[in-house]
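Below: the structure, in structure tokens.
Residue numbers start from 1 in every chain, and the chains themselves are labelled A, B, ... in the order their sequence lines are given, proteins ahead of strands. Small disclaimer: the values here were computed from a predicted structure and weren't measured.
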Amino acid sequence: MEKLQSLRGMVDLLPEQIGLWQHIEATSRGHFQRAAIREIRTPLLEATELFARGIGEATDVVGKEMYTFLDRGERSCTLRPEGTASVVRAAIQHGLLSQGAQRLWYAGPMFRYERPQAGRLRQFHQIGLEFLGFADPRSDVEAIAVAWDLLAALGVQQLRLELNSLGSAEDRTHYREALVAWLSERRDQLDPDSQDRLTRNPLRILDSKNEATQALLAGAPTLADALAPESRERFALVQAGLTALGIPFQLNPRLVRGLDYYSHTAFEITSSQLGAQATVCGGGRYDGLVEQLGGPPTAAIGWALGLERLVLLLAQAPEAPIAEPPQIYLVSRGEQAETQALLLARQLRNAGVAVELDLTAAAFAKQLKRADRSGAAWAVLIGDSEAEQGQVILKPLRGEPPAGDNGGERLPLLELLARFA
RNA sequence: GCGGGCGUAGCCAAGUGGUUAAGGCAGCGGAUUGUGAUUCCGCCAUUCGGGGGUUCAAGUCCCCUCGCUCGCCCCA
């Protein structure tokens, strides 16, 4: 029979690995809480139209990477490939925007049907931030600062913040026309991928890794030159804000976000230690999206952080947290003793003590061996004679075992509870 | 979707066409039916990701397929 296994690009997180994930989640929650950013949770499954309208039909994400299917009512459904569209949909649906600007964060799995490689899975996890209703350049600065400081607090080293401005929607439209016109005259000098992008998503040609194409682009009209004076002024304010906060950045005129809804500020935080998928966090401003999805005109900025990539970076760090061992490992043998151990474990736990109870009824030597390996500080033993007398044996486990003598302190049950609780 | 590398037990692996597929870690049982390091003994792959082929003989060679992995594309 064929072995059952998880689907391609969808991985299990085993108990051994989960400590790091919980650490990241707890750290993030603390950061968001202190920045007065509130959590929002939206469904994993949405109407396909949300992403088609929000992200853009021409993008690869919508065009060929979505998990889309018909449900039993013949509705086209899609597992969310990203978080922003859902958050905006929820904000519009529940009228959050009429209650003032919103500072939101989310975390959870996303789904894209791609070929898996380092730092890229079909089910992957993001933590994201969305500021809805903020137009001031300071909101760009604060959004970026929250991401930067979170990564710093997690101990990620050697990050690089790259920054660009895509300008207003009009700036972008004008520039796209100019770029397409210029490149079309030199179409035969472009690599095949870029020729394809010329009609599909021309701005992405700027980001091409093909050397000949990059050489050609040196003479092309630049996005920076195409920005209107107001857009340029705005971008300068964002840069000044980051500088004032001491957050280092590099301008990257070729940085173009892949999703249609971005405008003005675009940024990526990358690490050279991640291989081909170097972006840990990416985001930018999307002033047009809320209106495009049926809401009121609303300025907005957000970012998303890839947890698998973050874990790759943090797993290399020596201080990666490991699971806490129990304080007490409870060993028992004999019918009466086993019942009493069950009860004692519950009492200790209710009093806040972490207890692992051995349920095997194996020889004391076996149980003690497991107690040692569990990492617990103490073993508590209950045998028939202790059970009868309402006593336990308390034995310290750390350090060398005592030679010869069995060791362990015999004391009444109540005293044990008093000592630990 | 395209290209490269790799699949031997839960993990790390030896094996380079010739009898029964090394070894280590982990696990389980015992020496010790009441005491954790260490030690000793025993058990743990009718089969090498799956299928087909070549051969007297295949983990080893060939084809297909699945999976993992790295890169392209894309993106967090």
Side-chain angles (χ1 to χ4, degrees), chain A residues 1-3 5-11 14 16 55 59-65 81-84 107 109-122 124-128 147 191-194 196-197 200-201 204 207-210 256-259 267-271 274-283 302-313 329 331-334 337 358 360-376 378-387 393-408 410:
Chain A
M1 191 172 72
E2 193 84 359
K3 280 184 203 163
Q5 55 183 347
S6 62
L7 291 171
R8 179 163 213 201
M10 309 214 170
V11 303
L14 301 178
E16 199 175 298
I55 302 173
T59 62
D60 278 26
V61 169
V62 172
K64 49 189 192 189
E65 295 175 358
E82 56 102 54
T84 300
M110 308 293 164
F111 303 84
R112 290 183 200 174
Y113 193 91
E114 296 186 273
R115 184 104 171 237
Q117 66 187 65
R120 191 174 80 186
L121 294 171
R122 289 184 174 181
F124 61 104
H125 297 79
Q126 289 185 334
I127 290 179
D191 61 277
D193 277 332
S194 293
D196 188 39
R197 282 186 285 227
R200 220 179 62 243
N201 202 343
R204 288 219 55 90
D207 210 15
S208 171
K209 285 176 188 162
N210 185 285
V256 180
R257 310 263 66 226
L259 311 183
F267 72 95
E268 279 185 13
I269 299 174
T270 61
S271 165
L274 280 175
Q277 312 298 324
T279 304
V280 182
C281 179
W303 50 253
L305 198 149
L307 283 193
E308 278 78 7
R309 293 177 190 180
L310 192 50
V311 165
L312 284 177
L313 291 175
Y329 192 99
V331 168
S332 62
R333 194 168 164 87
D358 196 305
T360 61
F364 273 96
K366 279 288 172 216
Q367 296 193 47
L368 258 312
K369 194 168 182 168
R370 277 193 285 267
D372 189 41
R373 288 184 189 178
S374 77
W378 301 90
V380 168
L381 290 72
I382 308 178
D384 285 326
S385 65
E386 288 79 19
I393 295 170
L394 178 64
K395 194 176 156 77
L397 287 176
R398 307 279 44 100
E400 292 294 298
D405 199 341
N406 290 334
R410 194 173 256 271

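Here the P atom of nucleotide B:U35 and the CG atom of A:Leu368 are 9 Å apart, to the nearest Å. A:Gln5 has its CD atom 7 Å from the P atom of B:G67, to the nearest Å. Atom CZ in A:Arg122 sits roughly 13 Å away from atom C1' in B:C68 (whole-Å rounding). Rounded to a whole Å, the CZ atom of A:Arg8 is 14 Å from the C1' atom of B:G7. In this structure, CZ of A:Phe267 is placed 11 Å from C1' of B:A76, rounded to the nearest angstrom. Rounded to whole angstrom, the span from the CG atom of A:Leu313 across to the C1' atom of B:A76 amounts to 12 Å.
Taking the nucleotide of RNA chain B with the nearest heavy atom to each of A:Leu307 and A:Tyr113, the more 5' of the two is matched to A:Tyr113. Comparing A:Ile393 and A:His125 against RNA chain B, the residue whose closest nucleotide sits nearer the 5' end is A:Ile393.
Across A:Ser332 and A:Asp358, no two heavy atoms sit closer than the pair OG-O, 4.5 Å. Here the shortest heavy-atom pairing between A:Gly119 and A:Arg309 reads O-NE, 2.8 Å. Nearest heavy atom pair, residue A:Val61 against residue A:Pro81, reads CG1-CB, 3.7 Å. Scanning both residues, A:Ala107 and A:Ile127, for their nearest heavy atoms gives CB-CG1, 3.8 Å. Of all non-hydrogen atoms in A:Ala371 and A:Tyr329, the two that sit nearest each other are CB-CD2, 3.3 Å. Closest heavy-atom contact between A:Arg204 and A:Val256: NH1-O, 3.1 Å.
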**Report entry** Chi angles and distances behind the side-chain contact (heavy atoms from CB on, under 4.5 Å) call for A:Leu368, A:Leu381
**Finding:** CA-CA 9 Å; A:Leu368 258 312; A:Leu381 290 72; 3.8 Å; yes
Report task. Show your reasoning for whether salt bridge (charged side-chain N to carboxylate O under 4.0 Å, His left out) applies to A:Arg410 and A:Glu386. Result -> CA-CA 9 Å; A:Arg410 194 173 256 271; A:Glu386 288 79 19; 2.6 Å; yes
Query raised in the report: When you look at A:Asp372 and A:Lys369, which way does the salt bridge (charged side-chain N to carboxylate O under 4.0 Å, His left out) test go after all the steps?
Result: CA-CA 5 Å; A:Asp372 189 41; A:Lys369 194 168 182 168; over 6 Å; no
Expected rows: protein N/O vs nucleotides 39-44 of chain B N/O, under 3.5 Å:
none

List, with names and distances, any nitrogen or oxygen atoms from the protein found under 3.5 Å away from nitrogen or oxygen atoms belonging to nucleotides 24-27 of chain B.
residue, atom, partner, partner atom, Å
B:G27, OP1, A:Arg373, NH1, 2.6
B:G27, OP2, A:Arg373, NH1, 2.4

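Remark: A:Phe364 CZ to A:Arg333 CZ distance equals 7.0 Å, nearest 0.5 Å. Atoms CD and CZ, from A:Glu82 and A:Phe111 in turn, are 13.5 Å apart once rounded to the nearest 0.5 Å. Rounding to the nearest 0.5 Å gives a distance of 10.0 Å between CD of A:Glu65 and CZ of A:Arg122. Atom-to-atom distance recorded for A:Thr279:OG1 and A:Arg120:CZ is 12.0 Å, nearest 0.5 angstrom. A:Leu310 contributes atom CG, which lies 9.0 Å from atom CG of A:Leu274 (distance to the nearest 0.5 angstrom).
Atom C1' of B:U47 sits at a distance of 25 Å from the matching atom of B:G5, rounded to the whole Å. Distance noted for atom P between B:U33 and B:A21: 37 Å (whole Å). B:U69 sits 49 Å from B:U32 when the P atoms are compared, rounded to a whole Å. Across B:G53 and B:A57, the matching C1' atoms stand 15 Å from one another, rounded to whole Å. As rounded to the nearest Å, B:G4 and B:C63 have P atoms that lie 13 Å from one another. For the C1' atoms, the distance linking B:G15 with B:A58 amounts to 13 Å, nearest Å. As rounded to the nearest Å, B:C74 and B:U65 have C1' atoms that lie 27 Å from one another. Separation of the C1' atoms belonging to B:A13 and B:U19 is 24 Å when rounded to the nearest angstrom.
Counting any heavy atom pair closer than 4.0 Å across all strands shown, A:Gly302 reaches no nucleic acid atom. Contacts of A:Gly282 with the nucleic acid, taken as non-hydrogen atoms under 4.0 Å apart, involve only primed sugar atoms and P, OP1 or OP2. Within the nucleic acid shown, A:Pro81 has no heavy atom closer than 4.0 Å to any nucleic acid atom. Using a 4.0 Å heavy-atom cutoff across all strands shown, A:Ala304 reaches sugar-phosphate atoms only and no base atom.
As the counterpart of B:C28, B:G42 is assigned, both hydrogen-bonding distances of the Watson-Crick or G-U wobble pattern falling under 3.5 Å. Within the shown strands, nothing qualifies as a pairing partner of B:U35 under the Watson-Crick or G-U definition with both distances less than 3.5 Å. The nucleotide B:C2 finds its pairing partner in B:G71, both defining distances of the Watson-Crick or G-U wobble pair being shorter than 3.5 Å. The nucleotide B:A9 finds no pairing partner, because no Watson-Crick or G-U wobble arrangement with both distances shorter than 3.5 Å includes it.
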Query raised in the report: How does protein contact run along nucleotides 70-75 of chain B, one letter per nucleotide 5' to 3', with B for base contact, S for sugar-phosphate only, - for none, heavy atoms under 4.0 Å?
Result: SBBBBB
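No hydrogens or angles were tested; on distance alone, nothing pairs the side chain of A:Gln367 with the base of B:G34 as donor and acceptor under 3.5 Å.
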